[in-house]
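Hydrogens, waters and symmetry mates play no part in the numbers below; they use all other heavy atoms, side chains included. As the structure is a computational prediction, the values presented were derived from the model and not from experiment.
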Protein chains: 2
Amino acid sequence: MSRKVLVVDDEPALARALAINLRAHGWEVVTAADGRSALDAAATTHPDVVVLDLGLPDMDGTEVLAGLRGWTKVPIVVLSARQHGEDKVEALDLGADDYVTKPFAMNELMARLRAAVRRGEEAEPALVDVEVGSLVIDLARKRVTRAGVDVRLTPTEWSFLELLARNLGRLVTREQLLREVWGPAHVGESHYLRVYAAQLRRKLEDDPAHPRHLITSPGLGYTLEA
Amino acid sequence: MSRKVLVVDDEPALARALAINLRAHGWEVVTAADGRSALDAAATTHPDVVVLDLGLPDMDGTEVLAGLRGWTKVPIVVLSARQHGEDKVEALDLGADDYVTKPFAMNELMARLRAAVRRGEEAEPALVDVEVGSLVIDLARKRVTRAGVDVRLTPTEWSFLELLARNLGRLVTREQLLREVWGPAHVGESHYLRVYAAQLRRKLEDDPAHPRHLITSPGLGYTLEA
DNA sequence: AGGGTCCTTGACGGGTCCTTGACGGGTGAC
DNA sequence: GTCACCCGTCAAGGACCCGTCAAGGACCCT
């Protein structure tokens, strides 16, 4: 579930109020107080949506807008005190997804953010296929093919493999596996991991006794290697 | 390239004013004065964007919104006299792309339409007919034919099938099915799924005992396969 | 009120999957 | 060399899930 929002506003009071409300609604919040740090933050944190106040100290808000649109299609909701005028038109034509005038109702802003994120997800479906050797892991369809033929996985096997695939090349600790696949109550019962790692190797590896993709890190966890 | 806009408004004066202004800006305009003709017009003319007034004579504007969102992702800009209240939130959560309160500046509406169309272009084309083997699922008219003949579906059966059709080839989880067809309160009662999957197979599959389209993923959910 | 449709709920057989235990091999510590 | 620990393997029982049939009852239309 992706829901990180970048709030760009130079008024500390408003920025803080926004952050508190957003966090209360389950958002992860990153804030920036000027244009330069906004562009930096967007580049480094990859938010799912941006709330951008046009009145910034260091550069015109429209410049920030143009700067963002230069490289990303992340939804941008513009916030402005200017009720009338060409600002709205200009902002929307520059690529803003929505325009809210201050003062605004918090629940309206929330709804507009949800709408913006929803559109953003439709436009660019996240990570879909993970390829590992002759394996293709289709995260959207929850299916695996090996050299083109379907491999039948049980729900637990899939859950296990999915977590590894989403962390391709990175070590996934035993604790993380147990927590996400079996639930927090089963952390410590690492026998599960051995059984299911073996089952997956039997289904996915050319030589299950000498795995090349599903690698064990003794005492630590497992890694899916490309 | 002339863009087509569907204007849904029951006030002739406003509708005419909108049409004139839009045509002056190079739009091709189709108008509808009530909800039913709006849905028909959307299905037959495939507009690039819809301007929808919430105050309609025959049905609630939100119903029209939901009716459109059932089968198309065409951008919808909602027009309303109601300045405040939950209407905005409701409309946006139902899938509206933007919300403009009357009175509004014509150039602002133009800008919002441009923005909406621009986003709509990035999204995938609207899904109207889904073809699966000898089945044709008409999402706009909520009908199914099998080898050309109509298949009678109950409302719940349709709702079940529609969700699968909109995610053709993708696994729809049990939770998602239960939430969207029976409501969030019934998540967990997967017995429903078995009953309705069997009913649909009896109506849609050549050999209900060996389904080729409505596929079960044990423990996960169902997929509609082409 | 009556008939019909549709949703809900129960029971049951068959099959799959999860859990659990036991065992052997490899490795490092002492 | 022995011990402890962790990993991988195999097998079996029981729990869970799926598909199916059918009946009760709510709801709607006439």
Side-chain angles (χ1 to χ4, degrees), chain A residues 142 144 150-164 171-175 177-224, chain B residues 142 144 150-164 171-175 177-224:
Chain A
K142 294 185 186 295
V144 183
D150 260 45
V151 179
R152 261 183 63 82
L153 294 187
T154 73
T156 306
E157 285 164 2
W158 168 258
S159 186
F160 193 110
L161 180 63
E162 183 185 25
L163 187 54
L164 291 175
L171 173 68
V172 181
T173 65
R174 301 193 295 187
E175 185 194 339
L177 275 163
L178 286 165
R179 184 192 340 270
E180 303 224 359
V181 179
W182 281 270
H186 295 79
V187 171
E189 307 180 29
S190 50
H191 187 44
Y192 285 153
L193 303 180
R194 291 193 283 279
V195 173
Y196 277 87
Q199 285 180 2
L200 281 173
R201 282 176 183 141
R202 210 171 308 134
K203 291 185 177 181
L204 304 178
E205 294 274 1
D206 291 331
D207 181 1
H210 302 92
R212 293 172 47 218
H213 302 308
L214 208 173
I215 308 300
T216 303
S217 297
L220 297 174
Y222 294 83
T223 309
L224 189 64
Chain B
K142 296 186 184 298
V144 183
D150 260 45
V151 179
R152 260 184 64 80
L153 293 186
T154 73
T156 305
E157 285 165 3
W158 168 258
S159 185
F160 193 109
L161 181 63
E162 182 186 24
L163 187 53
L164 291 175
L171 174 67
V172 182
T173 65
R174 301 193 294 187
E175 186 193 339
L177 276 163
L178 286 165
R179 185 194 339 271
E180 304 222 358
V181 178
W182 281 269
H186 295 79
V187 170
E189 307 180 29
S190 49
H191 190 45
Y192 285 153
L193 303 181
R194 291 192 283 279
V195 173
Y196 277 87
Q199 286 180 2
L200 281 173
R201 282 177 183 139
R202 213 162 20 235
K203 292 184 177 181
L204 304 179
E205 294 274 0
D206 291 331
D207 181 1
H210 302 92
R212 293 171 48 218
H213 302 308
L214 209 173
I215 307 300
T216 302
S217 298
L220 296 174
Y222 294 83
T223 309
L224 189 65

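Looking at heavy atoms from C-beta onward, B:L161 lies out of side-chain contact with B:K203 at the 4.5 angstrom threshold.
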How does protein contact run along nucleotides 19-24 of chain C, one letter per nucleotide 5' to 3', with B for base contact, S for sugar-phosphate only, - for none, heavy atoms under 4.0 Å?
-> BBBB--
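Here the CG atom belonging to A:L177 is positioned 11.0 Å from the OG atom belonging to A:S190, to the nearest 0.5 angstrom. Atom CG of A:L171 and atom CG of A:L164 lie 9.5 Å apart (nearest 0.5 Å). Note: B:I215 CD1 to B:R201 CZ = 7.0 Å, rounded to the nearest 0.5 Å. The distance from the CZ atom of A:R174 to the CZ atom of A:R194 is 8.0 Å, given to the nearest 0.5 Å.
Taking 4.0 angstrom as the limit, B:T154 places a side-chain polar atom (N or O) nearer than this to OP1 or OP2 of C:dC7.
Between A:R202 atom CZ and D:dG8 atom P there is a gap of 12 Å when expressed in whole angstrom units. At whole-Å resolution of the value, CG in B:L200 and P in D:dC18 are 16 Å apart. The separation between B:R194 atom CZ and D:dC18 atom P is 5 Å, rounded to whole Å. Taking atom CH2 of A:W158 as the reference point, atom P of C:dC17 lies 15 Å away to the nearest angstrom. The distance from atom CG of B:L153 to atom P of C:dC7 is 10 Å, rounded to the nearest whole Å. Put simply, OH on A:Y222 is 12 Å from P on D:dC6, counting in whole angstrom units. For the pair A:R152 CZ and D:dC18 C1', the computed distance is 12 Å after rounding to whole Å. If you take CG of B:L214 and P of D:dT20, they are 11 Å apart, rounded to a whole angstrom.
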List the steps and the verdict of side-chain contact (heavy atoms from CB on, under 4.5 Å) for B:L153 and B:L200.
-> CA-CA 8 Å; B:L153 293 186; B:L200 281 173; 3.9 Å; yes
Evaluate side-chain contact (heavy atoms from CB on, under 4.5 Å) for A:W182 paired with A:L193, printing each intermediate quantity in order.
-> CA-CA 10 Å; A:W182 281 270; A:L193 303 180; 3.9 Å; yes
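For DNA chain D, each stem of at least three Watson-Crick or G-U pairs (distances under 3.5 Å) is given as range with range: C:1-30 with D:1-30.
Checking D:dC6, D:dT20, D:dC17 against every side-chain atom of B:R174, the shortest atom distance belongs to D:dC17. Set against D:dG19, D:dG8, C:dC17, the side chain of A:T216 has D:dG8 as its closest nucleotide.
The aromatic rings of A:Y196 and A:F160 sit parallel, their planes meeting at an angle under 30°, below the 60° perpendicular limit.
Checked against ring-ring contact (aromatic ring centres under 6.0 Å, His included), A:W158 has no partners two or more places apart in sequence or in another chain.
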